S.K.: 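Below you'll find the structure I mean.
Because the structure is predicted, anything quoted here is derived from the model rather than measured.
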Amino acid sequence: MAAASPSGQLAQSAFIGLGANLGDRGQALAQAVQAMALLPDTQVVGVSSLYVSAPVDAGGPDYLNAVVALQTALAPLALLHALQAIEQAAGRQRPYRNAPRTLDLDVLLYGDQQIASPVLTIPHPRLAERAFVLRPLAELAPERVSAAQLAAVAEQRIDRFQTAADWCPQVTTPH
């Protein structure tokens, strides 16, 4: 659903996947939520619980993961660039594909848009393959995640670590 932003532009719902497996993971994710709340024409409207998950298709320490719901008037590519700037500020490096990271922010969904470009794909191309995305997304937008999708990733190790109120108390969640 779209609503008018403070600048009068039409805002869209967007869901952002968060992950970190290096450094102070919880602090990095909480700071990322705060940084998203400061983006122009953007409001954080929900935050999932925090989950611990094993790396998928990679090595390294366990990840902390969550999903954030936004209302934003930023265009999808502008949102991606803003998220990449937040990653950079958190010390994100990209030495190789699926490398351990201090912060990873992915645009999972942007309204009902479907985008396939060399820079951005929405819905996120591996959204349905990752329990660490589907479980927290189901908390915020259960209509966006099917029982079949959750069943398909049931073998992936993921554990709820903290509720949203515990790890990100400055944001009121919709439940």
Side-chain angles (χ1 to χ4, degrees), residues 12-23 25-37 39 42-58 60-72 74 76-90 92 94 97-116 119-146 149-150 152-153 156-164 167-168 171 173-174:
Q12 291 287 329
S13 62
F15 294 91
I16 310 302
L18 292 78
N21 72 335
L22 295 177
R25 304 167 302 164
Q27 181 176 350
L29 297 186
Q31 288 176 342
V33 174
Q34 292 171 353
M36 283 185 262
L39 293 175
T42 301
Q43 180 181 9
V44 174
V45 294
V47 177
S48 75
S49 296
L50 198 58
Y51 290 84
V52 177
S53 67
V56 176
D57 299 331
D62 283 352
Y63 277 85
L64 286 183
N65 298 98
V67 169
V68 171
L70 304 176
Q71 282 291 320
T72 186
L74 293 175
L77 196 54
L79 178 60
L80 174 66
H81 292 313
L83 296 175
Q84 289 173 337
I86 294 169
E87 289 177 338
Q88 287 299 115
R92 170 77 188 264
R94 299 172 190 269
R97 183 174 167 82
N98 295 329
R101 54 204 70 171
T102 54
L103 182 63
D104 185 32
L105 302 173
D106 291 322
V107 180
L108 304 173
L109 299 166
Y110 186 95
D112 290 324
Q113 290 193 30
Q114 295 185 7
I115 299 171
V119 178
L120 180 62
T121 302
I122 297 175
H124 190 281
R126 290 172 301 286
L127 181 146
E129 302 169 11
R130 308 288 201 237
F132 64 80
V133 172
L134 291 174
R135 292 261 312 267
L137 179 59
E139 280 186 36
L140 297 176
E143 72 283 0
R144 299 281 199 144
V145 180
S146 71
Q149 287 175 312
L150 289 171
V153 298
Q156 294 178 19
R157 183 175 63 79
I158 180 170
D159 298 301
R160 190 173 178 182
F161 181 65
Q162 288 182 315
T163 67
W167 81 271
C168 201
V171 177
T173 56

S.K.: Can you check whether Pro76 reaches Leu120 side chain to side chain, under 4.5 Å on heavy atoms?
M.R.: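 A side-chain contact exists here, since the closest heavy-atom pair is under 4.5 Å.
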
S.K.: Would you check if Ile115 and Tyr110 make a side-chain contact, meaning some heavy-atom pair closer than 4.5 Å?
M.R.: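 No. Closest side-chain heavy atoms not under 4.5 Å.
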
S.K.: Go through the steps for Asp104 and Glu87 under the test side chain to side chain contact (heavy atoms under 4.5 Å, CB included), then give the verdict.
M.R.: CA-CA 6 Å; Asp104 185 32; Glu87 289 177 338; 3.4 Å; yes

S.K.: Minimum heavy-atom separation for Arg130 to Val153, with atom names?
M.R.: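 It is N-CG1, 3.9 Å.
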
S.K.: Which atom names give the shortest non-hydrogen contact between Leu70 and Leu79, and what distance separates them?
M.R.: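 Leu70 and Leu79 have their closest heavy atoms at CD1-CD1, 4.1 Å.
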
S.K.: Roughly how far, to the nearest 0.5 Å, is CD of Gln27 from CD of Gln34?
M.R.: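 It comes to 9.0 Å.
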
S.K.: Does some side-chain heavy atom of Tyr51 sit less than 4.5 Å from a side-chain heavy atom of Glu139?
M.R.: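 Of all side-chain heavy-atom pairs linking Tyr51 with Glu139, at least one is under 4.5 Å.
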
S.K.: Can you check side chain to side chain contact (heavy atoms under 4.5 Å, CB included) on Val67 and Ile16, steps first, answer last?
M.R.: CA-CA 6 Å; Val67 169; Ile16 310 302; over 6 Å; no

S.K.: Looking at side-chain heavy atoms only, is the closest gap between Ser49 and Phe161 below 4.5 Å?
M.R.: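 A side-chain contact is absent here, since even the closest heavy-atom pair is not under 4.5 Å.
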
S.K.: Say whether, by atom type as modelled, one donor and one acceptor occur between the side chain of Glu129 and the main chain of Arg126 under 3.5 angstrom.
M.R.: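 Here the side-chain-to-backbone pair does not exist.
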
S.K.: For Arg25 and Asp62: C-alpha separation, side-chain torsions, deciding distance, then whether side chain to side chain contact (heavy atoms under 4.5 Å, CB included) applies.
M.R.: CA-CA 10 Å; Arg25 304 167 302 164; Asp62 283 352; 4.1 Å; yes

S.K.: Could you measure the distance from the CG atom of Leu103 to the CD1 atom of Ile86? Nearest 0.5 Å is fine.
M.R.: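 Rounded to the nearest 0.5 Å, the CG-CD1 separation comes to 8.0 Å.
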
S.K.: Is there side-chain contact between Ile122 and Gln114, with heavy atoms separated by less than 4.5 Å?
M.R.: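 In short, these two side chains do not touch, never coming nearer than 4.5 Å.
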
S.K.: What heavy-atom pair brings Thr102 and Ala90 nearest, and what distance separates the two atoms?
M.R.: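 Between these two residues, the closest heavy atoms are OG1-O, 3.0 Å.
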
S.K.: Does the side chain of Val133 come within less than 4.5 Å of Asp106's, by heavy atoms?
M.R.: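 Counting from C-beta outward, Asp106 and Val133 never come under 4.5 Å.
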
S.K.: Looking at every non-hydrogen atom in both residues, tell me the closest pair between Leu18 and Ala32 and how far apart they are.
M.R.: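 Taking every non-hydrogen atom into account, CD2-CB, 4.2 Å.
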
S.K.: If you define the side chain from C-beta out and look only at heavy atoms, does anything of Ser53 sit under 4.5 Å from Arg157?
M.R.: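 No; the side chains remain at least 4.5 Å from each other.
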
S.K.: Could you check whether any side-chain heavy atom of Leu127 comes within less than 4.5 Å of a side-chain heavy atom of Leu109, counting everything from C-beta outward?
M.R.: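 Sidechains of Leu109 and Leu127: in contact.
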
S.K.: Which heavy atom in Arg144 sits nearest to a heavy atom in Gly111, and how many Å separate them?
M.R.: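 Nearest pair, atom of Arg144 first, then Gly111: NH2-O, 3.0 Å.
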
S.K.: Report the C-alpha distance between Thr72 and Gln43 in whole Å, list the side-chain angles of each, state the deciding distance to 0.1 Å, and finish with yes or no for side chain to side chain contact (heavy atoms under 4.5 Å, CB included).
M.R.: CA-CA 6 Å; Thr72 186; Gln43 180 181 9; over 6 Å; no

S.K.: Calculate, to the nearest 0.5 Å, the distance between atoms CG and CG belonging to Leu108 and Leu134 respectively.
M.R.: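 Rounded to the nearest 0.5 Å, the CG-CG separation comes out at 9.0 Å.
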
S.K.: Return the minimal non-hydrogen interatomic distance between Ser48 and Trp167, and the atom names on each side.
M.R.: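 Where Ser48 meets Trp167 most closely, the heavy atoms are O-NE1, 2.9 Å.
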
